[in-house]
Amino acid sequence: MMRAPFAVLLLAMMLPAQTADFGKAYSFDERKPRTRVEATIDRVLPSIVKVYGASGLATINAYATGIIVSERGHILTLDQIMVQKDRTRVVLYDGSVHDALVLPDEPKLGVRLLKIDPAEVESKLQPLWPPAAEAAAFRNGQFVVSIGNAFRLAEFSEKVSATFGVVVGRANTALRYRMADVKYDGDLILTDACNNPGHYGGGLFTLDGTWIGLNMRLLDSKETNTMLSAAIPTRDLLPYLDEHVLGKRHREEVVPKTPAWTGVVLFEQAGRQSPPAYVERVRPGSPAARLGLRPDDLLVRLDDYSVRSCVEFREVLARFAAGDKVKVTWKRGTRVLDGEMVLVEEPR
Amino acid sequence: MLLAAALAVVFVPQQDPDLAAVLASEARRTAVMAECAAAVCSVMAMDQPGGGSGVVFDANGFVLTNYHVIGEPDEDYELPPAPEPPADVLEQWRARPDGGGEEAAFIAKWQQQWREDNQPQGAAHYRHKKVGLPDGQLYEGVVLGIDPGSDLAVLRLLPKHEGQQWPCRGFGDSDQLLVGETVFAMGNPFLLATDFTPTVTFGIVSGTHRYQAGQGNRMLVYPDCIQVDAPVNPGNSGGPLFNEQGEIVGINGRISIGDRGRVNVGVGFAIASNQIQNFLGDLMAGRHAEHGTLDLSAWFMNSGAGAARKRGVFVQQMFKDSVAAAAGIGLGDEIIRFNDIEVRSANQLATLVGVLPAGTFVSLWHRPLQGEGVFGDERRVVVRLAKLDTGSSRDGAGGRLASRINRRLAARCLLPAGQQPDDLASPDTAQWSRIGPDGVRITSITDGIHMRLEIGDVVLVRTGTGTGHAQDADGVRDLTPDEHERLRREQACNPLLWSPRILMERLAQAELLGGAMVFGHRAFRLAVPGEGECETWLDGATGVGFAFRDPVRRARVECQVLPGRMLVVVDGKFEPGWSSVDHRFRPADEALFRRP
């Protein structure tokens with residue numbers, strides 16, 4: 001007698017169960033981030049987009065990465081892909097595909113803005129612009145996360161790749177891309193977080209999520225032929241973005257700079273392209289004389305910049321103005337010496 | 001003493017709390033790595049240059065590696081001559097009480113048994129591999145199962161002494177990995193370590209659920225892999241990827257390369273551990289693992305704007321005779337969900353299908369295309385995945401099976417760790433009901449060797465070997481031999497009617513036949529000893545299904561069960577509408593088995 005109602009109850013429980021599905025051996029649901037690296041990546045990913053150009057050439061890929069820099073649909077990318085009017089598409093974090101307008105590029109930095117129609121976007125765009133004030137304050141050895149669509153591994157709503165490393169240095173000389181020298185006015189950030197084709201145009205972030213750089217192409221060191229991952233510092237993008245995103249003509253405060261003078265005359269042999277920076281003479285009473293530099297000393301460093309030739313010495317010196325205090329490192333015989341000098345204006 | 005204490009106060013520097021945290025985390029990491037290293041091995045074939053890596057995942061010496069590491073099968077494999085019986089076996093035979101008999105005949109019989117136990121069953125075989133472990137020892141590795149579809153192979157180490165156990169690591173949940181999580185790879189890149197101490201490389205997860213299409217002439221597809229920036233180089237192949245806890249979350253097998261040739265550029269791929277475990281039953285049983293396919297290709301479309309916007313995954317190509325077509329899916333249909341998971345990209349659909357073995361039942365929600373841009377309502381179909389034909393399917397001809405000894409060992413490894421049959425004292429009585437598609441309720445009740453089966457109004461009872469009765473509307477009669485056999489087979493292979501004690505006893509002597517997926521659970525298919533075509537399906541110690549040849553229906557009946565859900569397959573065909581009701585253990589009523 002007790003069995004009948006029990007069976008009915010079981011039948012009632014069974015009916016909804018029957019419509020339940022075939023179970024999951026796997027899940028595409030993600031857990032919450034636990035570590036700082038996980039949280040940083042999770043936070044910045046919605047601002048990273050995949051960019052597809054018209055077509056690729058033998059050495060130029062048809063895909064790259066971009067960063068959303070305004071709620072109005074501005075996207076910053078490296079100007080490496082074959083961007084063509086009407087043929088450039090942007091895939092947002094949610095997997096939606098948008099045709100992009102191609103805005104004027106910035107040939108000096110090699111970057112370009114694209115623009116999508118924000119009305120077409122279902123979710124609110126999360127721009128990384130303006131960058132945090134700390135964007136310029138990265139240091140060597142600082143942990144970084146590099147984000148971009150390496151090898152076009154992610155498509156549509158799949159997440160782009162993230163790599164981890166440290167800032168290994170800054171440089172603007174002795175770099176080349178394939179056969180061409182890379183000319184860059186400022187300093188590029190060098191990192192050991194892996195960068196690969198497709199990763200270009202993605203972002204370099206500190207573990208606080210501060211956007212410090214835009215991933216460049218994989219560069220070669222001219223001296224060692226090794227490949228280097230580099231990024232353009234975010235602060236250097238400011239004038240271009242201000243002009244094209246905010247419509248604000250960036251007026252650089254031109255403070256007239258008095259050229260600096262050390263009082264050193266270098267030994268420049270005629271005919272040699274780039275002789276090392278050996279001191280030939282030191283003007284009496286000059287900053288160099290006060291520091292104790294002598295003929296035949298080899299200058300190797302001014303502040304953070306290495307000096308490998310007479311040409312580089314002049315380039316580095318041009319970064320300073322009269323009145324600046326610089327640290328000088330030089331080689332005398334087998335000894336390495338250093339000291340400080342205050343640069344002055346060249347006496348008439 | 002005081003002086004020593006004073007000195008200690010002076011000379012022990014005050015430690016910075018940040019530094020202490022870093023040092024503690026480093027100490028944890030090195031400890032985990034040291035433990036993991038003991039299970040990582042170098043796998044070398046004597047007939048080819050180079051080598052790869054592997055990892056011991058079971059203390060009985062089961063090793064996972066890449067399929068591309070084990071090389072080509074050996075066409076003319078022959079079993080080595082049978083050895084002499086061990087001395088203790090001979091002693092025992094000589095000392096047996098009844099005495100007599102030819103010793104030569106006994107030895108011949110023993111050797112015949114040895115050959116039967118050790119003969120691999122199947123067409124192609126591999127020469128034994130040399131497997132080096134960090135203990136400095138070189139072991140022989142027998143190739144058991146292969147999974148050319150996604151580049152995996154399982155080897156078994158041959159022990160150097162009876163009952164040898166190896167350091168091993170268990171599997172972690174690869175679906176829990178998050179981009180940015182720290183992981184480390186181990187293996188023997190460039191065969192650097194001649195003493196087999198593994199190389200460790202460290203990095204983060206760069207991407208999850210990456211689908212990598214077939215590569216090379218053997219079409220090694222990586223349907224669900226983990227992308228890492230930990231350096232992975234030639235020779236790392238087959239080695240493990242560990243999470244911070246030291247659990248195996250993947251097998252490193254492939255890298256993307258840049259302009260500089262076949263070396264690491266920070267983009268390595270590991271086959272996800274959750275996918276590997278779906279095929280472990282087949283691999284440990286010595287099978288050629290078959291991946292499932294819907295036999296269709298889909299693409300992601302995003303066109304139009306506003307109301308006319310068409311965005312989703314649509315069927316692009318399919319075979320007319322494919323399983324998907326048979327289930328009612330057509331060209332141009334939109335695929336919406338796969339096993340309750342929303343399909344967001346074509347890659348994702350390929351991942352979802354590729355991680356499941358052939359023969360798995362899946363459900364697919366689709367919207368049929370009814371005309372230019374017009375779609376019907378969402379509907380669900382149930383599809384049994386077909387076999388994916390890969391370039392290396394020919395290797396599987398003959399359904400390679402490991403020798404009986406290895407299949408028994410594999411079955412024993414499934415015994416839940418630390419449990420003995422004695423610990424699981426519980427009544428041997430059980431009741432289990434299911435409802436057939438025609439609404440007929442089937443109830444099975446056992447009490448030791450007694451078995452009662454109610455199929456609607458018909459009751460079949462077996463009270464002991466050879467006796468029993470049947471009862472229907474016409475009254476009570478004796479069982480026919482077929483009905484008797486039907487009862488015996490169900491009792492023999494339906495694990496839902498076993499007590500844990502029986503389960504453990506059966507496991508101890510069962511042979512592993514392969515794996516299966518039951519409602520997303522990984523099941524191991526075991527042959528019930530002495531029962532012919534009877535299979536018991538277990539997930540750990542939980543019964544999740546059974547299969548046997550039903551002498552009454554004259555068909556192979558397969559039953560896949562989870563609480564509240566059941567799938568019945570008769571001769572390979574799915575019968576919709578079945579459902580299980582209950583399969584808990586209950587004290588049986590003695591009167592149920594009495595003849596009225």
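Quantities reported herein were computed from a predicted structural model and do not represent experimental measurements. Sequence lines set the chain letters: A, B, ... in the order given, protein chains first and strands last, and positions in each chain run from 1.
The side-chain heavy atoms of A:E38 and B:V179, taken from C-beta on, include no pair separated by under 4.5 Å. By the 4.5 Å heavy-atom criterion applied to side chains, A:L153 and B:Y211 are not counted as neighbours. With contacts defined as side-chain heavy-atom distances shorter than 4.5 Å, the pair B:E181/A:V37 does not qualify. Between A:K159 and B:T208 there is no side-chain heavy-atom pair separated by less than 4.5 Å.
When heavy atoms are compared at a cutoff of 4.5 Å, B:F269 approaches chain A solely by way of its side chain, counted from C-beta outward. Only the side chain of B:I204 has a heavy atom closer than 4.5 Å to any heavy atom of chain A. Contact of A:S157 with chain B is made through the side chain alone, with heavy-atom distances under 4.5 Å. Neither the backbone nor the side chain of B:V228 comes within contact range of chain A; no heavy atom of the residue lies under 4.5 Å from a heavy atom of that chain. Only the side chain of A:F156 comes within contact range of chain B, with at least one heavy atom under 4.5 Å from a heavy atom of that chain. The contact between A:A154 and chain B is made by backbone and side chain atoms together, counting heavy-atom distances below 4.5 Å. Using a 4.5 Å cut-off between heavy atoms, A:I41 touches chain B through its side chain atoms alone.
The distance from atom CD of A:E30 to atom CG of B:L178, rounded to the nearest 0.5 Å, is 5.5 Å. The CG atom of B:L177 sits 7.5 Å away from atom CZ of A:R31, with the distance rounded to the nearest 0.5 Å.
Looking only at heavy-atom pairs under 4.5 Å with chain A, the residue among B:S206, B:G180, B:G266 that has the most is B:S206. Between chain B and the residues A:A150, A:G165, A:C194, A:A39, the largest count of heavy-atom pairs under 4.5 Å involves A:C194.
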In a table with atom names and distances, give each donor-acceptor pair under 3.5 Å that connects a side chain of residues 139-148 of chain A to protein atoms at least two apart or in another chain.
residue : atom : partner : partner atom : Å
A:Q142  : OE1  : A:R139  : N            : 3.0
A:S146  : OG   : A:H199  : NE2          : 3.0
A:S146  : OG   : A:N215  : ND2          : 3.3

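With salt bridges taken as basic N to acidic carboxylate O contacts below 4.0 Å, none links B:R210 and A:E155.
The two residues A:F164 and B:D229 make their nearest non-hydrogen contact at N-OD2, 2.8 Å.
Of the possible polar contacts, none joining the A:N196 side chain to the B:V267 backbone as a donor-acceptor pair under 3.5 Å is found.
Residues forming a side chain to side chain contact (heavy atoms under 4.5 Å, CB included) with B:F171 (at least two apart in sequence, or on another chain): B:F57, B:L64, B:I248, B:S273, B:I276, B:Q277, B:L280.
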